[in-house]
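Each ligand, and each atom within it, is numbered from 1 in the order the structure gives.
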Amino acid sequence: MDYRLGLIGYPVEHSLSPWIHESFMKQIAVKGSYTKYEIPLSDDFSKRIANIKKEGLQGFNVTVPYKQRIIPFLDKIDSIAGEIGAVNTVSFEDGLWVGYNTDGFGYLRSLEMEFPALMENTAIRILLVGAGGACRGIYHTFANAGFRNVDIANRTIEKAEDITKKHEKLNTKVFTLEEAAERTDQYDLIIQTSSVGMKPGIEEKIIQLDRLKKGAIVSDIVYQPIKTAFLKQAKESGAAIHFGHTMLLYQAQYAFEIWTGKRVPIDDMDKKLKLLLEG
Ligand code: ATR
């Protein structure tokens with residue numbers, strides 16, 4: 001069977017998803033296509049979606065700015081996507097359009113591949129920095145996976161508080177960025193979830209990381225550049241570091257698995273994507 005997959009969003013011109021999914025198809029020797037459907041804000045969204053649904057796709061990815069806007073056009077939403085309030089993967093199943101969110105799960109899987117021992121211990125102390133859509137996905141996935149100590153720091157406190165609402169039992173502490181910078185040495189895992197540090201603002205760091213716990217792991221979801229100023233400082237302060245482009249691969253791996261039932265190993269795609277990003 002030929003797979004027919006795609007992506008909706010705006011802009012999608014430079015998206016890496018076609019490269020990733022076409023590599024998956026090649027790896028398991030199946031034919032197929034992954035089409036970019038660019039939907040400018042001026043377009044009639046419901047008309048475009050109705051037309052895309054008629055194209056006979058097994059599913060499609062959803063990126064900015066439509067991860068929330070797509071929801072009313074779906075027949076069913078899985079529980080984690082419902083909790084996060086955003087969908088990045090849509091699958092056509094038994095005549096129904098079903099929405100998933102693979103971002104948080106993909107992120108956790110990418111961490112688990114590199115740091116399996118860390119991820120077995122749900123008592124580790126985790127700090128998420130930034131409180132946008134990516135933080136929401138990662139926070140809920142950690143919470144559902146049983147992690148008990150997940151705090152959030154953000155410039156706007158209310159946004160961080162809002163994310164914690166559906167998991168009141170977790171007792172998440174919420175901090176300003178200034179407060180968080182004073183307590184970085186209390187965490188086993190620190191994850192930068194905002195866009196701060198992304199090209200062209202590559203010198204920017206959301207917080208300073210000059211004091212870290214021994215054995216700490218620091219992660220950044222920004223992947224352009226691969227080694228952000230945040231990760232550079234973490235490394236200089238003795239931490240192990242985890243790069244953002246791996247999240248991209250594993251969230252795609254999970255989406256592909258939802259569509260096709262096949263989990264394609266990442267193997268050297270990590271290195272290839274790194275080269276691609278570094279130009
Ligand atoms: P998304 O589209 O993923 O929801 P977003 O709304 O752009 O992302 O926000 C991402 C995060 O980056 C937010 O936590 C934002 O902080 P605020 O909630 O205070 O807006 C954070 N962020 C973006 N630029 C920032 C900056 N220069 N300094 C600190 N935080 C920043």
Side-chain angles (χ1 to χ4, degrees), residues 7-12 14-17 39-41 45 61-71 80-89 99-108 110 126-143 150-167 172-184 187 189-209 218-225 228-234 244-245 247-248 250-252 255:
L7 165 71
I8 67 162
Y10 186 80
V12 292
H14 299 293
S15 167
L16 291 159
S17 294
I39 309 184
L41 286 168
F45 187 70
N61 283 129
V62 184
T63 188
V64 268
Y66 298 125
K67 289 185 180 185
Q68 288 163 332
R69 196 153 167 211
I70 190 68
I71 293 175
I80 249 243
E83 221 171 70
I84 297 167
V87 161
N88 80 329
T89 301
Y100 297 87
N101 192 312
T102 69
D103 285 334
F105 190 74
Y107 178 77
L108 257 69
S110 76
I126 305 170
L127 177 67
L128 305 183
V129 191
C135 174
R136 197 172 276 276
I138 294 170
Y139 178 81
H140 287 291
T141 315
F142 271 122
V150 190
D151 296 338
I152 308 179
N154 195 41
R155 182 175 61 182
T156 313
I157 282 288
E158 294 74 22
K159 267 203 200 168
E161 279 168 349
D162 187 58
I163 290 179
T164 68
K165 275 186 190 150
K166 286 182 187 144
H167 281 284
T172 294
K173 292 187 222 47
V174 163
F175 300 109
T176 62
L177 296 176
E178 293 73 20
E179 286 165 342
E182 293 297 313
R183 39 189 307 126
T184 48
Y187 292 94
L189 173 62
I190 299 177
I191 307 165
Q192 199 298 109
T193 72
S194 83
S195 54
V196 177
M198 188 160 77
K199 272 182 194 169
I202 61 167
E203 303 298 333
E204 286 173 38
K205 282 197 289 277
I206 193 158
I207 55 170
Q208 294 296 325
L209 291 177
V218 174
S219 171
D220 195 332
I221 68 154
V222 169
Y223 55 83
Q224 274 179 318
T228 58
F230 192 73
L231 291 182
K232 277 185 196 159
Q233 192 182 24
H245 70 286
M247 172 183 180
L248 207 62
Y250 284 94
Q251 65 75 26

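Under the 4.0 Å distance rule, the nearest protein heavy atom to atom 24 (N) of ligand 1 falls inside the cut-off. The protein reaches atom 1 (P) of ligand 1 closely, with a heavy atom under 4.0 angstrom from it.
With sequence neighbours left out, the side chain to side chain contact (heavy atoms under 4.5 Å, CB included) criterion links Ser195 to Met198. Remark: Lys165 pairs with Asp162 by the salt bridge (Lys or Arg N to Asp or Glu O under 4.0 Å) rule, at least two apart or across chains.
Atoms of ligand 1 found under 4.0 Å from any heavy atom of Ala131, numbered from 1 in the order shown, are 13 (C), 14 (O). Those atoms of ligand 1 with a heavy atom of Gly130 less than 4.0 angstrom away are 14 (O).
Residue, atom and distance of the protein heavy atom nearest to atom 17 (P) of ligand 1 are Thr156 OG1, 3.4 Å. When hydrogens are left out, the protein atom nearest atom 30 (N) of ligand 1 is Ile206 CD1, 3.7 Å; that is the closest non-hydrogen contact. Protein heavy atom nearest atom 12 (O) of ligand 1, with residue, atom name and distance: Ser194 CB, 3.0 Å. Of all protein heavy atoms, the one closest to atom 6 (O) of ligand 1 is Lys159 NZ, 3.7 Å. For atom 5 (P) of ligand 1, the nearest non-hydrogen atom of the protein is Gly132 CA, 4.5 Å.
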Task: Derivation and outcome, side chain to side chain donor-acceptor pair (under 3.5 Å), residues Thr172 and Tyr139 - done: CA-CA 10 Å; Thr172 294; Tyr139 178 81; 2.6 Å; yes
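The NE2 atom of His245 sits 14.0 Å away from the CD1 atom of Ile221 when rounded to the nearest 0.5 Å. In this structure, Ile8 CD1 and Phe45 CZ are separated by 4.0 Å, a value rounded to the nearest 0.5 Å.
The backbone N or O of Leu209 sits less than 3.5 Å from a side-chain atom of Gln233, completing a donor-acceptor pair.
Between Gly137 and Ile84, the shortest heavy-atom distance links the atoms CA-CD1, 3.6 Å.
If you check each of Val64, Val196, Asp103, Asn154 against atom 16 (O) of ligand 1, the one with the closest non-hydrogen atom is Asn154.
One side chain, Thr228 or Asp220, offers a donor N or O that lies under 3.5 Å from an acceptor on the other.
In terms of polar-atom proximity, Gly133 is counted as a contact of ligand 1, with an N or O under 3.5 Å from an N or O of the ligand. Looking at Arg155 next to ligand 1, an N or O pair under 3.5 Å apart turns up.
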